[in-house]
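The figures that follow rest on heavy atoms only: side chains count, while hydrogens, waters and symmetry mates do not. The first residue of the sequence shown is numbered 1, and numbering continues consecutively from there. Counting convention: from 1, in listed order, for ligands and their atoms alike.
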Amino acid sequence: MYKQIQLLDHHIISGEDALTVLKTLFSSGDYKNRSFFLLTDHQVARHCLPILKEHLPTDNPVHHCLIPTGEEHKSLKSSRKIWNFLNKHGADRHSVLINLGGGVITDLGGFVASTYKRGISFIHIPTTLMGMVDAAIGGKTAINLNWTKNIVGTFAQPDAVFVFPGFLKTLHEKEINSGYAEILKHALIGDQKLWDALKGSQMKDIQDFSDLISFALLIKSEIVAQDPHEEGMRKVLNLGHTFGHAFESLFMEKGAPIGHGEAVAAGLLCESYLSGVVNNLAPALAEEIKTTLATTFSLPEIAPTDKESLIQYMLKDKKNQQGKINCTLLENIGKARFNQFIPEKLVDDALHYYMNTCTH
Ligand SMILES: NC(=O)c1ccc[n+]([C@@H]2O[C@H](COP(=O)([O-])OP(=O)(O)OC[C@H]3O[C@@H](n4cnc5c(N)ncnc54)[C@H](O)[C@@H]3O)[C@@H](O)[C@H]2O)c1
Ligand SMILES: [Zn+2]
């Protein structure tokens, strides 16, 4: 069983038979006589590569390139290593790079493939929940530079994306949390029915993420299809991320990093408050969002003295214009507005609201 979604000129195949479809693709005419390269990290190589192996092309050898695990390896150093690897093994413009891993691997592999010989084909096989519903979908590739996240990158679409939820069996709970925060975000932006289904349920009770993944990646795909280069409405996907990135930076600076999921959950809480103030989001809905987030995530606690640092981080956000803090906010569940410029006083009020919620 599998589902197929068309996004721009490629397909996203998701479901328990996704890897069987992949195997069929490799034996089709389009992929005959091409050389294959596989990029993954050490941890994914241990957990997921044995499952993928039997679905890989058999006619030609697949050259494996492994990098260490972790965000710090989404770097120029790794890119250089992979470009050299491709070159050394004779990759040409018809070669295909298979990216097997979380968002680090799909962002990095997409970037390397889209720049090697001015661009070769690549296929994403996400193995984290975050990768399946977000990072592998939409054609944004990136590496970090000197601790600045995603500062160098390209827009490049894969040949196809294969989402096999079975990979999640070995994924750590913290990583499931991270992807789940993005699923809640997608529901808030694009699908009231999905939100209504999720708001009353406990993440820990979800045994099988397959249907949720299909819904969530459909929401993202529909948004990307309308604005592939983020000139306008794709910015709605930033809901929760203006505050979320500031939380992530603050805790990194404190030397006690929090997960992206917790940071986004904190961001969604602050931004749902602002949605009420700026866009008249109904108080009952803001309350519903708060309850759902507070019961699902362990929201990071902040002290009054942290507020100023958080505001300083937000003032440096790359979405800002003329020094004004830029958020995506909700008007209703399923309806978000981007480019909402928020005065510092309101940002401070939102942090105050957050602190009151998180005082245990
Ligand atoms: N391009 C985009 O649109 C987009 C969107 C969202 C996030 N991202 C990027 O994605 C990255 C985060 O992605 P992530 O959360 O997937 O992190 P990740 O790629 O670092 O993976 C998280 C951890 O899980 C391990 N792992 C992966 N799959 C596993 C499995 N099935 N079993 C066991 N362990 C497994 C990895 O080795 C790693 O240690 C960030 O760099 C972020 O900027 C990009
Ligand atoms: Zn995110």
Around atom NZ of K117, are there more than 12 heavy atoms from other residues, nucleotides or ligands closer than 6.0 Å?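 Above 12, so yes.
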
Is the shortest distance from a heavy atom of C48 to ligand 1 less than 4.0 Å?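 Within the 4.0 Å threshold, so yes.
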
Return yes when K220 approaches ligand 1 closer than 4.0 angstrom through a heavy atom, no otherwise.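 Right, K220 reaches ligand 1.
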
Starting from [atom], what is the nearest protein heavy atom, named by residue and atom, and what distance separates them?
atom	answer
atom 29 (C) of ligand 1	L171 CD1, 3.5 Å
atom 38 (C) of ligand 1	T69 CG2, 3.5 Å
atom 32 (N) of ligand 1	T170 OG1, 2.7 Å
atom 18 (P) of ligand 1	V104 CG2, 3.9 Å
atom 28 (N) of ligand 1	T127 OG1, 2.7 Å
atom 8 (N) of ligand 1	A135 CB, 3.6 Å
atom 25 (C) of ligand 1	Q43 NE2, 3.7 Å
atom 16 (O) of ligand 1	T128 OG1, 2.6 Å

Keeping waters out of it, list the protein N, O or S atoms under 2.8 Å from the Zn ion (ligand 2).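 Under 2.8 Å from the Zn ion (ligand 2) - ignoring waters, which are not counted - the protein N, O or S atoms are E182 OE2, H241 NE2, H260 NE2.
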
Listed by chain and number, what are the salt bridge (charged side-chain N to carboxylate O under 4.0 Å, His left out) partners of D41, not counting sequence neighbours?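 D41 satisfies salt bridge (charged side-chain N to carboxylate O under 4.0 Å, His left out) with no other residue.
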
Counting only heavy atoms closer than 4.0 Å, does ligand 1 sit against the backbone of [X], its side chain, both, or neither?
X	answer
E71	side chain
L168	neither
T141	neither

Carboxylate-amine/guanidinium contact [X] [Y], below 4.0 Å:
X	Y	result
K307	D348	yes
D317	K324	no
K140	E230	yes
K185	D134	yes
D227	K235	no

Check whether the ring centres of Y354 and F243 lie less than 6.0 Å apart, and answer yes or no.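 For Y354 and F243, the ring centres are not under 6.0 Å apart.
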
Is K254 close enough and on-axis enough to F251, meaning under 6.0 Å and within 45°, for cation-pi?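 Ring-cation test returns yes.
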
Is there a donor-acceptor contact under 3.5 Å from the side chain of T141 to the main chain of F155?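 Pair absent, no side-chain N/O of T141 close to backbone of F155.
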
